[in-house]
Amino acid sequence: MNDSFLFDAHCHLDFPEFDHDREAVFARARQAGVRRFMVPGTTRARWPDVTSLAEREGVVVSLGLHPYFLDEHGADDLEALERALANDSRIVGIGECGIDARFEQTLDRQWVIFEAQLQLAKRFRLPVVVHCVHADDTVAKRLRELALPAGGLVHAFGGSPQQARRFIDLGYTLGIGGSVTYSRAQRLHRSVASLPDDAFVLETDSPDMPLSGHQGSRNEPCRLAAVCERVAELRGQNPAEVARHTARNARRLFGCQSEG
Ligand SMILES: [Zn+2]
């Protein structure tokens, strides 16, 4: 892709799914032009693996407590998060955290843990990595009230142009991933076509969210090139241009402006 490169703004490369071939996964990504990676933490037990990835060239990390793993979060995990943020300058964001309304019976506890992480994002002036499923309205309302200083990423955005506009107006960046490769995702296609160049980043959410044609198989960052091509097509731009804008947006979001 000439001089431009891709930044996978959300990939769980610490997950055990990659333990047997992590080097090959990084090699295939580089081969496909993906040279930067943002790895978000999900549970306290996984944080050491996440932060050790920050030692690699091109990898930045965030730490957080993901709503999907609610049962694994202990009472003192939020204090541990606060300590980690105070002591480890490699952490560039807070998350993955948020609300997954598919799990209705745990919503109250999800909100307690999400709110605590939003407060940490405010205090440490770090961007927040938001997982938001069937909860766009309530999450957007809370983000508006808090006006976090560094904004954040609304990961795996799949909503309408109006929902996109609302998050952008609040200062948030949208994560566009493999969903865009499905022909049935027409509402998302309209959103992607309407976004300003500086409003979104590209992400795979590896090992989850496989692209169209790869259902049932492990997702990995090398597939970001196909996401970029589809986004470029929907926007009437060339892929190198989309790669350049989105990598720049991700660097700005996660405060890694200086590196190439
Ligand atoms: Zn994720």
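As the structure lists them, so they are numbered: ligands from 1, and atoms in each ligand from 1.
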Participant: Tell me whether Asp19 at atom CG has more than 12 heavy atoms from other residues, nucleotides or ligands lying less than 6.0 Å away.
Facilitator: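 Atom CG in Asp19 is crowded, with more than 12 foreign heavy atoms closer than 6.0 Å.
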
Participant: Keeping Gln117 on the side-chain end and Ile94 on the backbone end, is there a donor-acceptor pair under 3.5 Å?
Facilitator: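 Between the backbone of Ile94 and the side chain of Gln117 there is no qualifying donor-acceptor contact (under 3.5 Å).
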
Participant: Below 4.5 Å, heavy atoms only, C-beta onward: do Gln215 and Tyr182 meet side chain to side chain?
Facilitator: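 They are in contact (side-chain heavy atoms under 4.5 Å apart), so the answer is yes.
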
Participant: Please work out which of the three classes, parallel, tilted or perpendicular, describes the rings of His155 and His10, given edges at 30° and 60°.
Facilitator: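 Rings of His10 and His155: parallel, under 30°.
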
Participant: For the Zn ion (ligand 1), which protein N/O/S atoms are closer than 2.8 Å?
Facilitator: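 As for protein N, O or S atoms lying under 2.8 Å from the Zn ion (ligand 1), they are His10 NE2, His12 NE2, Glu96 OE1, Asp205 OD1.
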
Participant: So, Asp197 and Arg235, do they make that salt bridge, N to O below 4.0 Å?
Facilitator: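 Yes, this pair counts.
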
Participant: If you define the side chain from C-beta out and look only at heavy atoms, does anything of Arg142 sit under 4.5 Å from Trp111?
Facilitator: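 Arg142 reaches Trp111 side chain to side chain.
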
